[in-house]
Number of protein chains: 2
Amino acid sequence: MSDSNGRESRGKLTERMDAFRAMCRREGLKVTPQRLAVYKALVESTEHPSAEAVFRQVRKNIPDISFDTVNRTLLMLSNIDAAFVIEGTGSPKRFDANLKTHHHFKCIKCKRIIDVWHEPFDKIQVPRSIEEKFTVSRKTVYLEGICDKCRGK
Amino acid sequence: MSDSNGRESRGKLTERMDAFRAMCRREGLKVTPQRLAVYKALVESTEHPSAEAVFRQVRKNIPDISFDTVNRTLLMLSNIDAAFVIEGTGSPKRFDANLKTHHHFKCIKCKRIIDVWHEPFDKIQVPRSIEEKFTVSRKTVYLEGICDKCRGK
DNA sequence: TGTCTGGTTGCGATTTTTTTACAACCGTCC
DNA sequence: GGACGGTTGTAAAAAAATCGCAACCAGACA
């Protein structure tokens, strides 16, 4: 179950953590406290955080974790399709563990990334000419511009 | 006029260069040999090159140009809407001077970016809820996956 | 055409972001 | 409980982007 924003409700966190453990085992990856903490931080964030931001968050609970481990774990998550790197036009990489089909708007001023929930976007059909040649693993609508907070300036 | 790929035909290069001169003047920017060379290299490329790649190309004609100038010029081009930074999920930034509405497929293995020309994608409508709050300056469909050349491996 | 002015360039140095190497460590399996 | 092999932390460096400044030159005007 999810709320109107499509975000998993709080009670589902335990379930997602369990599912994550299962994914790791399925992939032959060890379930370590660091990985659990990184995944949890990403799932709980609504900010589409960078590795640096996840690092800051995770460090509150595991002060000795290294940035490298956080970064490697995030890349691992996108490898096993437990999360993905958000499309966008600049560094640093930004991550998202919300696997429900949705889209993004990115403010080019404040770099904020806002979820866009819009049925018609979900239904776009990849043309056959592409589907025949390429294996499309991700399709999404990407919007860019100025957000409400930055527009006033 | 453009061919079936939407790419400007060769004979139009002079026109585009003239148009670029005009854009610079309109923006109060000086027309320098470096800027002309960078813009020309980007227009002539079909590779959606990175700053580094444009740098390598431009250096063939202007051996003493600095990377910094190339990079600054590319960012300038996107500022005046003569080009844009391509959406995508990793560094380095990739640029595109083809302003005709089109979309991209990016191969996550070889990082190649392929133009996607597909009418229905051009017609997607930004939902009112977004349009009311934000100023959308760019909207595009972004596809990601494995390209034909990488699939065999 | 010569001169002036302010934007532009090239350089060097820095910051930011990402990646690598490797020894110590610790989940997992038996 | 013990062994194996993947994982972690550390330090270092590679990759990418940015900054400050003196010399330079495109554009404007005489």
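Reminder, nothing fancy here: chain letters follow the sequence lines and each chain counts from 1.
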Assign the ring pair A:His102 / A:Trp117 to parallel, tilted or perpendicular, where the plane angle (0 to 90°) is split at 30° and 60°. parallel

Please, which pairs that meet ring-ring contact (aromatic ring centres under 6.0 Å, His included) have at least one residue in residues 73-100 of chain A, sequence neighbours excluded?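 Those involving residues 73-100 of chain A do not exist here.
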
Taking five pairs at each end of the helix from C:dT1-D:dA30 to C:dC30-D:dG1, what angle separates the two helix axes (nearest 10°)? 40°

Check DNA chain D against residues 58-65 of chain A and give the residues with a non-hydrogen atom under 4.0 Å, in numerical order. A:Asp64, A:Ile65

Who passes salt bridge (charged side-chain N to carboxylate O under 4.0 Å, His left out) against A:Glu132, sequence neighbours left out? none

Lys/Arg N to Asp/Glu carboxylate O, B:Glu87 vs B:Arg138, below 4.0 Å: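 Yes, charged N to carboxylate O under 4.0 Å.
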
Sequence neighbours left out, what pairs pass side chain to side chain donor-acceptor pair (under 3.5 Å) with at least one residue falling in residues 71-80 of chain A? none

What ring-ring contact (aromatic ring centres under 6.0 Å, His included) pairs are there with at least one residue in residues 15-44 of chain B, not counting sequence neighbours? B:Phe20-B:Tyr39

At under 4.0 Å between heavy atoms, how does the protein contact nucleotides 14-27 of chain C? Give one character per nucleotide, 5' to 3', with B, S or -. ---SBBBB-----B

Enumerate the ring-ring contact (aromatic ring centres under 6.0 Å, His included) contacts for residues 50-75 of chain A, please, sequence neighbours excluded, ordered by first and then second residue.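 For residues 50-75 of chain A, and leaving out neighbouring residues, the ring-ring contact (aromatic ring centres under 6.0 Å, His included) pairs sorted by first residue read A:Phe55-A:Phe67.
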
Scan side-chain atoms only and decide if B:Asp115 and B:His104 contain a donor-acceptor pair under the 3.5 Å cut-off.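 Side chains of B:Asp115 and B:His104: pair found under 3.5 Å.
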
According to side chain to side chain donor-acceptor pair (under 3.5 Å), does anything in residues 21-33 of chain B pair up with another residue at least two apart or in another chain? List the pairs.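 Every pair satisfying side chain to side chain donor-acceptor pair (under 3.5 Å) with a residue in residues 21-33 of chain B: there are none.
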
My understanding is that only residues two or more places apart in sequence, or in another chain, count here; which of them pass salt bridge (charged side-chain N to carboxylate O under 4.0 Å, His left out) with A:Asp122?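 Not a single residue meets the salt bridge (charged side-chain N to carboxylate O under 4.0 Å, His left out) criterion with A:Asp122.
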
To the nearest Å, how far apart are B:Gln34 CD and C:dC11 C1'? 14 Å

Using chain B heavy atoms and a threshold of under 4.0 Å, write down where along DNA chain D the contacts begin and end, 5' to 3'.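 From 5' to 3', the first and last contacting nucleotides are D:dA16 to D:dG27.
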
Scan for salt bridge (charged side-chain N to carboxylate O under 4.0 Å, His left out) pairs involving residues 48-62 of chain A, sequence neighbours excluded, and state none if there are none.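 Residue pairs passing salt bridge (charged side-chain N to carboxylate O under 4.0 Å, His left out), neighbours aside: A:Glu52-A:Arg56.
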
Under a 3.5 Å threshold, yes or no: a donor from one side chain and an acceptor from the other, between A:Glu144 and A:Thr89?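 A pair is found: one side chain offers a donor N or O, the other an acceptor, under 3.5 Å apart.
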
